[in-house]
Amino acid sequence: MNKRPIGIFDSGVGGTSIWKEIQKLMPYESTIYLADSKNAPYGEKSEERIVELSVKNTEFLIEKGCKLIVVACNTATTNAIALLRERYEVSFIGIEPAIKPAALFSKSKTVGILATKGTLSSSLFSSTSVNHAHGIRILEQEGTGLVPLIEQGQIETKETEVLLKKYLRPMVKEGIDYLVLGCTHYPYLIPVLKKLLPEHVKIIDSGAAVAKQTKAVLERDGLLKNTDKNGRYQFFTNSDVDILRCFLSDVPVPVETAYWSF
Ligand code: DGL
């Protein structure tokens with residue numbers, strides 16, 4: 001059982017930012033990554049549809065024999081993880097905007113969150129922000145349009161910069177000193193964000209924390225692989241394989257990419 005792969009899914013290429021953290025922390029683990037790019041963005045879809053797609057992705061990974069599933073998507077986590085945990089025996093690791101550390105360290109007591117509409121409107125997100133942000137002003141900003149641009153490989157283009165400027169300006173004006181990235185696609189925008197934000201504004205994303213939590217749960221369940229050899233890294237996309245490869249071009253280990261469709 002412990003030789004089986006870790007399954008990871010996202011609405012598209014964004015979750016590769018989480019995969020990179022997992023691979024860095026546990027290079028010996030084999031992984032199967034599923035990018036449902038054909039259905040991106042999830043953030044504009046109804047809760048029902050997000051649940052339906054998350055179930056499909058989960059079943060694909062379970063059929064491939066995954067021992068644990070990482071929902072590498074804030075939108076799918078906040079809308080569907082409770083149901084997935086109820087329905088399947090395998091353990092799930094999710095990702096949510098890291099409000100807690102930002103709220104803890106903010107000096108201006110004003111924190112910005114950039115996330116999808118689906119994440120910001122979910123009840124799981126509302127309860128997290130209420131529980132972790134006493135006395136802190138949370139400024140929520142929907143990142144409408146960013147995921148489709150990133151899915152096209154548009155990172156440092158004029159269009160992306162124009163959208164980001166529009167989204168960041170009001171938060172900066174209100175005095176944020178932390179910007180929480182609530183979507184796994186957004187870490188790819190960090191170079192542009194750094195260019196656009198004042199120097200004192202810190203950017204927080206949860207990728208490394210998710211990798212650590214994945215390792216802790218595998219350890220707890222006796223599922224950690226016991227070898228020094230690198231794992232096998234497989235990637236499936238139901239859209240453009242070349243775009244997915246672009247997001248993996250900085251990876252210093254061999255990866256296998258393939259097309260799939262439901
Ligand atoms: N990577 C997904 C997330 O973390 C993007 C959601 C979308 O497809 O809109 O929320």
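Just so you know, residue 1 is the first one in the sequence shown, and it goes up from there. As the structure lists them, so they are numbered: ligands from 1, and atoms in each ligand from 1.
Proximity of D10 to ligand 1, defined as any heavy-atom pair under 4.0 Å, is confined to the side chain (atoms from C-beta onward). Contact annotation for N74 and ligand 1: heavy atoms of both the backbone and the side chain come within less than 4.0 Å of the ligand. The side chain of T116, and not its backbone, has at least one atom closer than 4.0 Å to an atom of ligand 1 (non-hydrogen atoms only; side chain from C-beta on). The proximity of S11 to ligand 1, defined as any non-hydrogen pair under 4.0 Å, is limited to the side chain.
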Applying salt bridge (Lys or Arg N to Asp or Glu O under 4.0 Å), run through D250 and K20 and close with a yes or a no.
CA-CA 10 Å; D250 60 335; K20 287 174 190 175; 3.0 Å; yes
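Between E47 and the options N79, T75, T78, a side chain to side chain contact (heavy atoms under 4.5 Å, CB included) holds for only N79. With W19 as reference, Y233 is the one residue of F247, Y33, Y233 to meet the ring pair (Phe, Tyr, Trp, His ring centres under 6.0 Å) rule.
Looking at atom 6 (C) of ligand 1, its nearest protein heavy atom turns out to be T75 OG1, 3.3 Å. Counting protein heavy atoms only, atom 9 (O) of ligand 1 is closest to G43 N, 2.7 Å. Taking atom 7 (C) of ligand 1 as the reference point, the nearest protein heavy-atom neighbour is Y42 N, 3.1 Å.
Of the N and O atoms on the side chains of E96 and T128, at least one donor lies less than 3.5 Å from an acceptor on the other residue. In this model, a donor atom of one side chain and an acceptor atom of the other lie less than 3.5 Å apart for E151 and S37.
Here R49 pairs with E52 in a salt bridge; the nearest charged N to carboxylate O distance falls below 4.0 Å. Between E161 and K158 there is no salt bridge, since no side-chain N of the basic residue sits under 4.0 Å from a carboxylate O of the acidic one.
Close contacts between ligand 1 and P41 involve ligand atoms 7 (C), 8 (O), 9 (O) [criterion: under 4.0 Å to a heavy atom]. Which parts of ligand 1 touch H185 is read off a 4.0 Å heavy-atom cut-off, strictly below it: atoms 1 (N), 2 (C), 5 (C).
In this structure, G14 has no heavy atom closer than 4.0 Å to ligand 1.
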